[in-house]
Q: 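One structure follows; several queries about it will come next.
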Amino acid sequence: MNNSKILSIGALDSSGGAGLNQDIRISALLKREISVCQTGITLQSVRGVEFIHPTSLLFLEKQLLYTLRKNPPRWIKIGALCDIKQVHLLCGLLPQNPSYKIVLDSVLSPTLGLPLINTCDIAAYRELLQITNFVAPNYPELSSLAQMPIQDFESAIDAAKSLAQKHSLGVLLKGGHDSEDTIREAFVAPDELHIFEKARKKWSYSHGTGCALSMAFTCFLADSLSPRDAFEKASNLISDIYDKWNGIDSQDHPQKLDQ
């Protein structure tokens with residue numbers, strides 16, 4: 001099996017800035033071969049997600065089974081799912097398997113617009129954690145997944161530790177939703193905690209950063225980096241890319257604050 005093979009499961013974004021569109025862009029930048037399985041089509045604008053059209057379960061199942069059989073991946077990145085039934089399908093088709101690892105970009109609700117997963121379906125969505133090796137939540141997503149309130153970085157670390165230990169997975173704790181001038185992020189696993197920080201930038205365009213980060217992380221795992229190094233390198237890369245897209249001169253990389 002080719003260790004560089006990556007499968008991205010997610011939705012198309014009509015604005016072109018997130019979802020499978022972003023995954024293809026980042027993987028091409030990092031010279032990685034990916035296959036894709038489409039979960040739906042989303043209509044997105046400056047007002048956020050305005051319309052969601054899920055892929056039929058039959059077609060999604062056929063996509064997955066064909067790809068797993070004909071082009072088996074070493075890494076699977078799961079992004080936006082457009083129907084809770086798709087969660088049940090993935091849990092049935094993608095049990096934990098030694099031949100691949102799964103990175104979950106836990107897209108529950110966009111900053112603006114329609115939610116991808118309704119609040120009443122969050123409990124069912126948590127089933128994905130049983131088949132996941134790494135999860136990349138922002139603060140609101142982490143709070144929903146861990147069922148713990150988050151007020152600041154310290155409480156986010158506590159929630160990430162709880163999630164990591166309960167489900168034996170690695171948590172990529174993203175810091176974009178914190179209110180501090182310095183962004184603090186962390187890789188949290190059942191027996192690991194690595195914290196790093198970087199300066200917060202004011203971006204006028206930040207659409208798709210979560211998709212880009214989790215795909216870059218997956219690509220760096222495929223390069224045989226450790227999860228902590230893959231997360232830090234992915235975070236640095238996405239900051240540099242969005243600095244350029246926003247016309248900002250990038251500064252050097254974040255300081256490690258391992259504990």
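A quick note: this is a predicted structure, and the numbers were derived from the prediction, not measured. We use all heavy atoms of the structure for the numbers below, so side chains are in, but hydrogens, waters and symmetry mates are not.
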Q: Just by modelled atom types, is the Asp121 backbone N or O under 3.5 Å from a matching donor or acceptor in the Asn118 side chain?
A: no
Q: Which residues end up grouped with Met148 if you chain together Ile, Leu, Val, Met, Phe, Trp and Tyr wherever their side-chain heavy atoms are less than 4.5 Å apart?
A: none
Q: Between Ser14 (side chain) and Thr42 (backbone), is there a donor-acceptor pair under 3.5 Å?
A: yes
Q: Show your reasoning for whether side-chain contact (heavy atoms from CB on, under 4.5 Å) applies to Leu213 and Phe231.
A: CA-CA 8 Å; Leu213 175 62; Phe231 180 28; 3.9 Å; yes
Q: List in chain and number order the residues that pass salt bridge (Lys or Arg N to Asp or Glu O under 4.0 Å) with Glu192, two or more places apart in sequence or in another chain; answer none if no residue qualifies.
A: none
Q: Hey, could you give me each pair passing salt bridge (charged side-chain N to carboxylate O under 4.0 Å, His left out) that has a residue in residues 77-89? Not counting sequence neighbours.
A: Asp23-Lys77
Q: Shared ILVMFWY cluster between Tyr66 and Leu94, side chains joined below 4.5 angstrom?
A: no
Q: Measuring from Tyr125:OH to Cys120:SG, what's the distance to the nearest 0.5 Å?
A: 15.0 Å
Q: Can you find a heavy atom in the side chain of Ile195 that is under 4.5 Å from one in the side chain of Phe153?
A: yes
Q: At what distance, to the nearest 0.5 angstrom, does CD1 of Ile34 lie from OG1 of Thr218?
A: 10.0 Å
Q: Is there a side-chain contact between Asp13 and Ile41 in this structure, where contact means two heavy atoms from C-beta onward sitting under 4.5 Å apart?
A: no
Q: Under the side-chain contact (heavy atoms from CB on, under 4.5 Å) rule, collect the residues that match up with Gln63, sequence neighbours excluded.
A: Cys37, Gln38, Thr55, Phe59, Leu60
Q: Identify the heavy atoms of Leu68 and Pro72 that sit nearest to each other, and give their distance.
A: O-CB, 3.4 Å
Q: Under 3.5 Å, is there a donor-acceptor pair linking the side chains of Thr182 and Lys198?
A: no
Q: For Ala216, enumerate each residue passing the side-chain contact (heavy atoms from CB on, under 4.5 Å) test, keeping only those at least two apart in sequence or located in another chain.
A: Ile26, Leu30, Phe220, Ala234, Leu237, Ile238
Q: Between Leu29 and Ile241, does the side-chain contact (heavy atoms from CB on, under 4.5 Å) criterion hold? Intermediate values first, please.
A: CA-CA 11 Å; Leu29 176 68; Ile241 289 173; 3.5 Å; yes
Q: Which residues pass the side-chain contact (heavy atoms from CB on, under 4.5 Å) test with Ala160, sequence neighbours left out?
A: Leu142, Val171, Val188
Q: CG/Asn138 to OG/Ser106 distance, rounded to the nearest 0.5 angstrom?
A: 6.5 Å
Q: Starting at CD1 of Ile78, measure out to OG of Ser8 and round the result to the nearest 0.5 Å.
A: 9.5 Å
Q: Going by heavy atoms in the side chains, are His194 and Glu232 under 4.5 Å from each other?
A: no
Q: Does some side-chain heavy atom of Ile183 sit less than 4.5 Å from a side-chain heavy atom of Glu197?
A: no
Q: Locate the shortest heavy-atom distance separating Ser168 from Pro190; write the atom from each residue and the value.
A: CA-CG, 4.0 Å
Q: Only pairs at least two apart or in different chains count here, so list each salt bridge (charged side-chain N to carboxylate O under 4.0 Å, His left out) that has a residue in residues 49-60.
A: Arg47-Glu50
Q: State which residues pass side-chain contact (heavy atoms from CB on, under 4.5 Å) with Ser155; sequence neighbours excluded, sorted by chain then number.
A: Ile150, Gln151, Asp152
Q: Output the rest of the hydrophobic cluster of Leu114: all Ile, Leu, Val, Met, Phe, Trp and Tyr residues reachable through side-chain heavy-atom contacts under 4.5 Å, sorted by chain and number.
A: Val49, Ile52, Val107, Leu116
Q: Quick one: closest heavy-atom pair of Leu169 and Leu163, and the distance?
A: CD1-O, 4.1 Å
Q: So Gln22 and Met215, side-chain contact (heavy atoms from CB on, under 4.5 Å) or not? Walk me through it.
A: CA-CA 8 Å; Gln22 188 72 296; Met215 176 50 70; over 6 Å; no
Q: Who pairs with Ser56 by side-chain hydrogen bond (donor to acceptor under 3.5 Å, both in side chains), at least two apart in sequence or on another chain?
A: none
Q: Considering residues at least two apart in sequence or located in another chain, which fulfil the ring pair (Phe, Tyr, Trp, His ring centres under 6.0 Å) criterion with Phe134?
A: Phe217
Q: What are the two closest heavy atoms between Cys82 and Pro54, and how far apart are they?
A: O-CG, 3.6 Å
Q: Of the non-hydrogen atoms in Thr39 and Ala11, which two are nearest, and what is the gap between them?
A: OG1-N, 3.3 Å
Q: In terms of side-chain heavy atoms, does Glu185 have a donor or acceptor partner in Ser235 at a distance below 3.5 Å?
A: yes
Q: Using 0.5 Å steps for rounding, measure from the NZ atom of Lys233 to the CZ atom of Arg228.
A: 14.0 Å
Q: Verify the cluster assignment for Phe51 and Leu81: are they in a single hydrophobic cluster under the rule of side-chain heavy atoms below 4.5 Å apart?
A: no
Q: Has Thr67 got a side-chain atom pairing as donor or acceptor with Leu64's backbone, closer than 3.5 angstrom?
A: no
Q: Who are the side-chain hydrogen bond (donor to acceptor under 3.5 Å, both in side chains) partners of Asn71, not counting sequence neighbours?
A: Lys5, Ser35
Q: Can you check side-chain contact (heavy atoms from CB on, under 4.5 Å) on Ile76 and Ile6, steps first, answer last?
A: CA-CA 6 Å; Ile76 298 176; Ile6 296 171; over 6 Å; no
Q: Measuring only between side-chain heavy atoms, which start at C-beta, is Lys166 closer than 4.5 Å to Lys161?
A: no
Q: Find the distance between CD1 (Ile157) and OG (Ser162) and round it off to the nearest 0.5 Å.
A: 12.5 Å
Q: Would you say Thr132's side chain and Leu128's backbone share a donor-acceptor pair under 3.5 angstrom?
A: yes
Q: What pair of heavy atoms forms the shortest contact from Ser144 to Leu108, and how long is it?
A: CB-CD1, 3.9 Å
Q: Verify the neighbour count for atom NE2 of His53: are there more than 12 heavy atoms of other residues, nucleotides or ligands below 6.0 Å?
A: no
Q: Assess, by modelled atom type and distance only, whether the side chains of Ser226 and Asp229 contain a donor and an acceptor separated by less than 3.5 Å.
A: yes
